[in-house]
There are 2 protein chains.
Amino acid sequence: MEITQETDYAVRCVLYLSETGSDRPVMIETIAADMCIPRSFLAKILQKLAKAKIVRSFRGARGGFQLACKPKDISLLKVVEAIEGPVAMNRCTVEPKRCGFSRTCTVHPVWKSLRKVVSDYLAATDFEMIMKPRK
Amino acid sequence: MEITQETDYAVRCVLYLSETGSDRPVMIETIAADMCIPRSFLAKILQKLAKAKIVRSFRGARGGFQLACKPKDISLLKVVEAIEGPVAMNRCTVEPKRCGFSRTCTVHPVWKSLRKVVSDYLAATDFEMIMKPRK
DNA sequence: ATTATACAGGACCAATATTATCCCGAATAA
DNA sequence: TTATTCGGGATAATATTGGTCCTGTATAAT
């Protein structure tokens, strides 16, 4: 039922990039230090975020990471799914093949519906909303 | 983000007891066979359900398990928490001591709020609702 | 009372997932 | 050309999950 530590790192990392709003790429090293995330683990996380087009990476000297779009256009769902894959409460709602009961199981629709509740909530929350108001 | 296999077993087990509606206790053996749940694993699960007062156990010959109350009075939340402990999306919302950021972290309230959404949904779903309508 | 039955609970184990770390190669700015 | 920074594969430590087994205890039936 819980998100993983990795997902928590990912969310805080995107939030960090949202808040700094730098036009220069930020190095893994810097983010790791500022957010207390193990450097090499964060590197892996940023790879996933880059594949999901949430951040852009730049190699070489002065390289690093930037948001690929505005905080407002990044939902929590996008980040969570970039790390954990499709959100679901129960495997059987994702791969029904492996659940012999799915056809007759009356719990199945409940998990599906809860999944929608969660996923809608996450989709409706973007990083502009999560950011501290700067005023 | 997913419930565990164990929780899935627990829910299906309570559903089974709801649907059979037997006034005689049902043996672990029987439930295990009917629901395709490993016998000794199910035994552990039923222990947890008994501690949570969701089922009653009877020892000795003709022993077994019965629901401790009506399906209508058992929420999905009760069963899930009997197995997994308090539902939460993020550890930091349960034990804030271990999260140095919780005071300033702007994601924190989001997880808390999502937790409420999920927990409300689970609390609103009881086993009479989950049971097949008998007509 | 005795006995067969069925759960209680502790110890233990295997498989899998999570949380990392390290290294070498590829891109790239200076 | 070189120092820098990410990309990605391999690997390892730890935690969690899923599951078994065995002994003890309660209890219904005889």
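No experiment lies behind these values; they were computed from the predicted model shown.
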Report the distance from atom [atom1] of [X] to atom [atom2] of [N], rounded to the nearest whole Å.
X       : N      : atom1 : atom2 : result
A:Ile28 : C:dC22 : CD1   : C1'   : 14 Å
A:Ile45 : C:dT21 : CD1   : P     : 11 Å
A:Leu42 : D:dC6  : CG    : C1'   : 12 Å
A:Lys51 : D:dG8  : NZ    : C1'   : 8 Å
B:Glu2  : D:dG18 : CD    : C1'   : 15 Å
A:Leu49 : D:dC6  : CG    : C1'   : 14 Å
A:Arg91 : C:dT16 : CZ    : P     : 11 Å
A:Ile3  : C:dT19 : CD1   : C1'   : 14 Å

Problem set entry | NZ/NE/NH1/NH2 to OD/OE distance under 4.0 Å, A:Glu128 and A:Lys70 |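 No.
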Exercise. Are A:Lys44 and A:Glu6 within salt-bridge range, i.e. N to O under 4.0 Å?
Worked result: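 No salt bridge links A:Lys44 with A:Glu6.
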Exercise. Taking the side chain of B:Gln5 as heavy atoms from C-beta outward, which of D:dT16, C:dC22, D:dG18 is closest to it?
Worked result: D:dG18
Problem set entry | Nearest to side-chain heavy atoms of B:Arg59, which nucleotide of C:dA8, D:dC6, C:dT21 |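 The closest nucleotide is C:dA8.
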Exercise. Could one point to a donor on the side chain of A:Lys44 or the base of D:dG7 with an acceptor on the other under 3.5 Å away?
Worked result: no
Touch class at under 4.0 angstrom, heavy-atom based, for [X] against every strand present:
X       : result
A:Leu46 : nothing
A:Gly60 : base
B:Glu29 : nothing

Any [X] side-chain N or O less than 4.0 Å from OP1/OP2 of [N]:
X       : N      : result
B:Ser57 : C:dA8  : yes
B:Tyr9  : D:dG19 : yes
A:Arg62 : C:dT28 : no
B:Thr4  : D:dT16 : no
A:Gln47 : D:dG8  : yes

Exercise. Where the side chain of B:Arg12 meets the backbone of B:Met35, is there a donor-acceptor pair that is under 3.5 Å apart?
Worked result: yes
Problem set entry | Heavy-atom pair with the smallest gap, counting every atom of A:Glu81 and A:Val87 | OE2-N, 2.9 Å
Exercise. Pick the nucleotide of DNA chain C nearest each of A:Phe58 and A:Phe41; which residue has the one closer to the 5' end?
Worked result: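 Nearest-nucleotide comparison on DNA chain C picks A:Phe41.
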Problem set entry | Pair B:Ser113, A:Tyr121: side-chain N/O donor-acceptor within cut-off below 3.5 Å | yes
